[in-house]
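One-based numbering, in listed order, for ligands and for the atoms of each.
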Amino acid sequence: MRTSQVLIPTLREEPGEAETASHKLMLRAGLIRKVAAGIYTYLPLGLRVIRKVEQIIREEMNRAGAQELLMPIASPAELWQETGRWNFYGKELIRFKDRHDREFCLGPTHEEVITDLFRREVRSYRHMPLNFYQIQTKFRDEIRPRFGLMRGREFIMKDAYSFDQDQASAMVSYQKMYDAYHRIFTRCGLTFRAVEADTGLIGGSSSHEFMVLADTGENTIVYSDTGTYAANVEQAEVPPPTEVSTEAPRPLQTVQTPRCRTVEEVTKFLNISPTHLVKTLLYSTGKETIAVLVRGDHEANEIKIQRFLRATNLELATPAVVEQVTGAPVGFAGPVGLKQIRIIADHAIKALRNVVVGGNQLDTHYVDANWERDFQVEQFADLRSAREGDPSPRKDGTLKSTKGIEVGHVFMLGTKYSEAMKASYLDAQGKECLAVMGCYGIGVGRTAASAIEQNHDAKGIIWPFPIAPFHVHLLPLTQSAQTAQVTEQLYAELQAAGLEVLWDDRDERAGVKVNDADLMGAPFQVVVGDKGLAEGVVEVKTRKDGIKIKLPPAQVAVYLTRTQTS
Ligand code: ATP
Ligand code: MG
């Protein structure tokens with residue numbers, strides 16, 4: 001393709017609206033443009049990358065035995081009401097009415113629609129196992145769309161759904177997808193890791209997320225330094241402490257803690273370690289307010305708390321509620337004398353003696369408070385986040401932590417949807433059984449953005465070869481007849497060798513062309529100029545390492561096809 005014939009609006013300046021490298025570079029290299037918050041147009045170069053990622057996904061899904069179909073973007077409310085998700089999904093689900101006042105939504109995911117298809121069209125075990133996939137635009141009205149394609153509201157997803165006769169067979173389907181995902185992300189040139197994950201709004205019994213390792217990732221992953229355990233911190237289990245304090249209980253005392261609200265302020269003021277303080281957090285589920293106790297140096301894990309409470313919603317209580325329940329402003333809540341509401345606590349609390357807690361009164365704390373004697377706990381559970389330095393819950397080492405971008409997610413759904421929607425089949429004995437399901441998503445745009453996040457430098461993008469919009473950027477730097485003739489010939493030869501070539505045929509200065517080529521990030525640049533041609537050579541630059549070699553034009557195609565595969 002010639003640059004003059006394709007819209008590639010590169011930007012020299014850093015776009016102010018972008019925070020992450022991938023977002024900045026996608027805008028600067030002319031891959032995408034914003035239409036509204038979280039809604040983008042894919043420009044020609046961006047679309048080429050998207051299509052390549054899709055193609056890799058398609059090949060691996062087909063190889064794993066999945067069948068491609070395409071479901072509608074709009075789906076009727078009735079299907080979502082059958083599973084209860086019409087209410088449960090909340091504001092992320094964008095809803096609308098048609099001219100007859102019928103309710104619809106734009107699909108954020110397609111369990112309902114595919115389960116409906118299965119129950120209508122599949123009768124017998126003879127047609128199972130089945131795995132259907134599509135590559136399609138999804139809509140989620142994300143609360144905070146950001147980072148360009150990373151977290152959009154409208155985005156392209158590959159979603160797949162498997163239907164099996166029983167749990168054992170469903171595990172085989174799950175494993176096939178797990179393996180396919182490994183191949184897909186490897187082929188996309190990504191450094192990633194599969195981790196154990198929470199099942200969130202999709203539900204089901206178990207799941208793994210595929211995380212691209214990058215500092216800008218929104219997820220924290222913990223993994224064993226010596227073993228195989230790896231999990232999203234949302235999910236990572238924390239076993240109860242093995243050692244319990246043997247301190248003798250001291251009498252409960254009240255102390256004044258003027259203007260000390262935070263853990264840091266209180267521990268500094270009282271000159272104690274945060275491990276001897278217990279935080280009391282008040283949450284509202286919409287149905288009740290509940291107190292959650294965690295150790296001062298630990299972080300409450302809202303996903304675990306919500307799951308433990310089986311709540312559909314969980315938010316920190318408002319200052320007004322805190323004041324009403326504790327009688328004190330925010331910062332002084334404590335379990336002693338807290339009678340109106342339930343109190344649950346992280347396991348670590350059980351092991352502590354003589355702790356500092358809020359006094360339920362302005363500028364007041366208790367010291368030497370003890371569980372059972374001074375306050376009651378309804379239940380102890382795993383309610384805090386794992387962190388670096390904790391022992392691995394699989395006893396295979398010590399946890400380390402890193403940031404990750406979730407590019408793919410595989411779920412074992414069990415019969416959650418088939419039960420709600422009565423998706424059954426007849427087994428060999430003619431008995432009606434519920435299908436056991438799995439579902440499997442990949443964010444296409446997020447995968448492309450992650451590749452940039454992992455492969456860029458100060459000059460621009462460094463595309464992994466398999467998903468690069470072009471393989472070779474052909475850069476004639478002078479206007480001579482000889483340069484034109486060699487460029488034209490290279491353009492033809494390289495394409496004949498199966499390489500995708502972007503020919504910068506603009507009447508621009510050499511520096512501008514080279515800078516744009518570095519920004520756009522094709523794996524190879526071929527520079528044609530009078531000086532080189534006088535010696536019978538052109539220059540071939542590998543974008544990744546910047547290494548330049550001089551070759552006679554006739555050898556370039558062979559060199560590039562060899563280097564690409566080595
Ligand atoms: P997240 O926690 O990042 O919101 P999710 O758990 O909601 O993701 P899934 O429901 O598992 O995501 O969706 C499958 C895949 O779709 C994700 O692994 C991710 O790659 C992609 N995806 C999800 N939400 C978005 C979004 N807002 N923008 C772009 N891609 C997304
Ligand atoms: Mg989400």
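- The Glu142 neighbourhood of ligand 1 comprises atoms 24 (N), 26 (C), 27 (N), with distances under 4.0 Å to a heavy atom of that residue.
- Within ligand 1, the atoms closer than 4.0 Å to a non-hydrogen atom of Leu149 are 29 (C), numbered from 1 in the order shown.
- Heavy atoms of Gly445 come nearer than 4.0 angstrom to ligand 1 in no pair at all.
- Looking at Glu218 against ligand 1, nothing comes within 4.0 Å, counting heavy atoms.
- At a 4.0 Å heavy-atom cut-off, ligand 1 does not touch Asp159 at all.
- Partner Arg151 forms a salt bridge (Lys or Arg N to Asp or Glu O under 4.0 Å) with one of Glu142, Glu92, Glu19 and no other, that one being Glu142.
- Between Tyr125 and Tyr425, the distance from one ring center to the other does not fall under 6.0 angstrom.
- Glu237 pairs with exactly one of Arg394, Arg384, Lys304 by the salt bridge (Lys or Arg N to Asp or Glu O under 4.0 Å) rule, that one being Arg394.
- The list of side-chain hydrogen bond (donor to acceptor under 3.5 Å, both in side chains) pairs with a residue in residues 456-468, not counting sequence neighbours, reads Asp457-Arg543.
- Both the backbone and the side chain of Arg151 come within contact range of ligand 1, each with a heavy atom under 4.0 Å.
- Side chains of His409 and Ser207: a donor-acceptor N/O pair is present below 3.5 angstrom, by distance only.
- For atom 17 (C) of ligand 1, the candidate residues are Glu154, His409, Glu406, Lys158; the nearest heavy-atom contact is made by Glu406.
- For Ile442, no nitrogen or oxygen atom sits less than 3.5 Å from a nitrogen or oxygen atom of ligand 1, counting backbone and side chain alike.
- Remark: aromatic rings of His182 and Phe210 are close, center separation under 6.0 Å.
- No hydrogens or angles considered: a donor-acceptor pair under 3.5 Å links the side chains of Lys403 and Thr220.
- Of all the listed residues (Arg140, Met150, Met157, Arg146), Arg140 holds the heavy atom that lies closest to atom 23 (C) of ligand 1.
- The option with the heavy atom closest to atom 24 (N) of ligand 1, from among Phe155, Tyr181, Phe411, Phe210, is Phe155.
- With no hydrogens or angles considered, no side-chain donor-acceptor pair links Thr115 and Tyr161 at under 3.5 Å.
- Near Val407, meaning under 4.0 Å from one of its heavy atoms, ligand 1 places the atoms 18 (O), 20 (O).
- Ranked by closest heavy atom to atom 21 (C) of ligand 1, the top entry among Pro145, Gly443, Gly148, Ser450 is Gly443.
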